[in-house]
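Below is one structure. I have some questions about it.
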Amino acid sequence: MTFLVTGATGRAGRHVVRQLLSEGHPVRALTRDPERAAAVLPAGAEIVRGDLTDPRTARQALQGVVGVHLLTVGGDDYATLRTGPELAALAEEAGVARVAVLWNGQSGPVEEAFLAGSLETTLLQPTDFMGNTLGWAAAIGSRAGVSEPFGDVPIAVVHEGDVGAVSARVLADGGHGGRAYPLTGPEPLTPRQRLATIAEVVGRDLAFDELTEEQAKQRWREAGHAEELVEILAAWQGDPPAEARTVSPFVAQLTGREPRSFEQWVRDHAVQFQPAP
Ligand SMILES: NC(=O)c1ccc[n+]([C@@H]2O[C@H](COP(=O)([O-])OP(=O)(O)OC[C@H]3O[C@@H](n4cnc5c(N)ncnc54)[C@H](OP(=O)(O)O)[C@@H]3O)[C@@H](O)[C@H]2O)c1
């Protein structure tokens with residue numbers, strides 16, 4: 001049973017790769033840059049070049065594959081992938097059995113095309129990844145504080161390793177077709193509370209400066225995010241839907257263990273929140 005992991009070099013995808021390999025499954029990792037991918041992926045993964053915005057480049061990678069872990073954004077600006085219909089057609093043609101689709105906060109062309117097709121399709125609907133907090137590391141290192149919007153709005157952030165573990169179960173076990181799984185961590189936390197957890201774990205005083213929504217949008221634009229993502233981020237972080245604030249049972253149900261805490265995530269990354277030299 002070979003599995004194709006897209007976004008294999010990304011936050012969640014690399015956990016899918018590791019989990020499937022650790023269970024003895026052959027894993028093919030799709031990347032736009034095989035040389036860079038080889039430096040970050042485990043030796044056991046077969047690395048293939050492909051770009052989801054140009055589906056023909058993924059045709060070969062889909063051959064002989066039973067399950068696909070699939071992104072819904074593409075390119076360095078995180079734009080919504082418009083190539084869902086072509087990707088679904090290629091996957092069906094190649095005889096793929098099932099797909100775990102990593103939703104991006106709202107339904108788009110990839111989800112719609114796969115749900116309308118004949119493959120066993122499961123939507124993974126994670127809240128914000130704990131790993132996004134690495135975006136705070138430079139500011140915490142250099143000026144012992146962060147400037148962020150929506151400081152008092154809670155989201156039940158999820159460990160990207162738990163998202164990867166759920167995807168591996170869905171793909172390897174099958175039987176989850178037609179299901180949508182909201183995925184969260186064990187508790188809703190505001191950005192201020194997350195910063196306080198980092199401060200406690202690393203033993204530093206850290207300051208939280210609140211940005212306005214407009215300042216945050218400007219910063220996301222300057223970071224190169226597509227305008228549609230800027231709007232999704234502002235809506236999601238400023239007024240999260242109930243499922244982003246409500247702890248979901250699915251990490252525990254599908255993996256057989258409780259979702260990892262934010263404190264655990266910080267302990268695993270504490271070295272990245274030390275003062276800059
Ligand atoms: N981050 C979050 O909080 C969050 C929350 C909910 C859902 N998600 C979803 O999770 C998925 C991954 O997000 P992430 O934050 O983990 O991203 P990430 O860590 O920044 O990784 C992005 C990945 O996408 C791949 N990629 C980008 N454009 C591509 C293209 N045109 N063709 C093939 N691969 C491409 C990159 O691979 P190469 O550079 O190796 O080609 C990389 O592995 C997305 O679908 C996103 O919507 C993320």
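Keep in mind that what you see is a predicted model, and the values were worked out from it rather than measured. Residue indices begin at 1 and follow the sequence shown. Counting starts at 1 for both ligands and their atoms, following the listed order.
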Fill in: Ser248 side-chain N/O to Pro182 backbone N/O, donor-acceptor pair under 3.5 Å
yes
Practice prompt. Verify salt bridge (Lys or Arg N to Asp or Glu O under 4.0 Å) between Arg267 and Glu200, making sure each step is shown before the conclusion.
Written response: CA-CA 10 Å; Arg267 289 192 191 288; Glu200 199 177 309; over 6 Å; no
Worksheet entry | Atom indices of ligand 1, in the order listed, that fall short of 4.0 Å to a heavy atom of Thr72 | 45 (O), 47 (O)
Discussion item. Just to confirm my output: which protein heavy-atom neighbour is closest to atom 12 (C) of ligand 1, and how far is it?
Written reply: Leu71 CD2, 3.6 Å
Fill in: Shortest protein contact, atom 42 (C) of ligand 1 (heavy atom only)
Thr9 OG1, 3.4 Å
Discussion item. What protein heavy atom lies closest to atom 5 (C) of ligand 1? Include the residue and the distance to one decimal.
Written reply: Thr127 O, 3.5 Å
Fill in: Single hit among Leu81, Thr72, Thr80 for side chain to side chain contact (heavy atoms under 4.5 Å, CB included) with Pro109
Thr80
Worksheet item: Mind checking whether Asp54 has a heavy atom under 4.0 Å from ligand 1?
Response: no
Worksheet item: What is the distance from atom OG1 of Thr122 to atom CG of Leu171, rounded to the nearest 0.5 Å?
Response: 7.5 Å
Worksheet item: Quick one: nearest non-hydrogen protein atom to atom 17 (O) of ligand 1, plus distance?
Response: Tyr78 OH, 3.6 Å
Worksheet item: Is the count of non-hydrogen atoms from other residues, nucleotides or ligands lying under 6.0 Å from Gln60 atom CD greater than 12?
Response: no
Worksheet item: Mind checking whether Phe3 and His25 have parallel, tilted or perpendicular rings, split at 30° and 60°?
Response: perpendicular
Worksheet item: Backbone N or O of Thr121 within a donor-acceptor pair of the Arg179 side chain at under 3.5 Å?
Response: no
Item to complete: Could you tell me which atoms of ligand 1, counted from 1 in the order shown, lie closer than 4.0 angstrom to a heavy atom of Asp128?
Response: 3 (O)
Response to the item:
Near Pro126 (heavy-atom distance under 4.0 Å), the atoms of ligand 1 are 6 (C), 7 (C)
Discussion item. If we set the cut-off at 4.0 Å for heavy atoms, which region of Glu160 has an atom near ligand 1: side chain, backbone, both, or neither?
Written reply: neither
Item to complete: Please report which non-hydrogen protein atom sits nearest to atom 22 (C) of ligand 1, along with the residue it belongs to and the distance in Å to one decimal place.
Response: Gly10 CA, 4.4 Å
Worksheet item: Quick check: does Asp33 get an N/O under 3.5 Å from an N/O on ligand 1?
Response: no
Worksheet item: If you count the atoms of ligand 1 from 1 in the order shown, which ones are under 4.0 Å from a heavy atom of Thr31?
Response: 38 (P), 40 (O), 41 (O)
Worksheet item: Hey, looking at atom 11 (C) of ligand 1, which of Leu134, Leu102, Leu233, Asp76 has the closest heavy atom?
Response: Leu102
Discussion item. Any atom of ligand 1 sitting under 4.0 Å from a heavy atom of Ala12?
Written reply: yes
Discussion item. Tell me the protein heavy atom at minimum distance from atom 32 (N) of ligand 1, and give that distance in Å.
Written reply: Leu52 N, 2.9 Å
Worksheet item: Is there a side-chain contact between Trp136 and Glu148 (heavy atoms, below 4.5 Å)?
Response: yes
Discussion item. Is there a polar contact between ligand 1 and Gly50, counting only N or O atoms under 3.5 Å apart?
Written reply: no
Worksheet item: Looking at His176 versus Tyr181, is the centre-to-centre ring distance below 6.0 Å?
Response: yes
Item to complete: Quick one: look up the protein heavy atom nearest atom 31 (N) of ligand 1 and list residue, atom name and how far away it is.
Response: Asp51 OD1, 2.7 Å
Item to complete: For a side chain to side chain donor-acceptor pair (under 3.5 Å) with Ser167, tell me which candidate from His15, His69, Gln19 qualifies.
Response: His69
Fill in: Gly75 near ligand 1 by a heavy-atom separation under 4.0 Å
yes
Fill in: Atoms of ligand 1 close to Asn132 [distance to a heavy atom under 4.0 angstrom, numbered from 1]
1 (N), 2 (C), 3 (O)
Practice prompt. Kindly check if the number of other-residue, nucleotide or ligand heavy atoms within 6.0 Å of CD (Glu35) is above 12?
Written response: no
Item to complete: Working to the nearest 0.5 Å, report the span between CZ of Arg169 and CD of Gln253.
Response: 14.5 Å
Item to complete: Can you pull out the closest protein heavy atom to atom 7 (C) of ligand 1? Residue, atom name and distance to 0.1 Å, please.
Response: Trp103 O, 3.1 Å
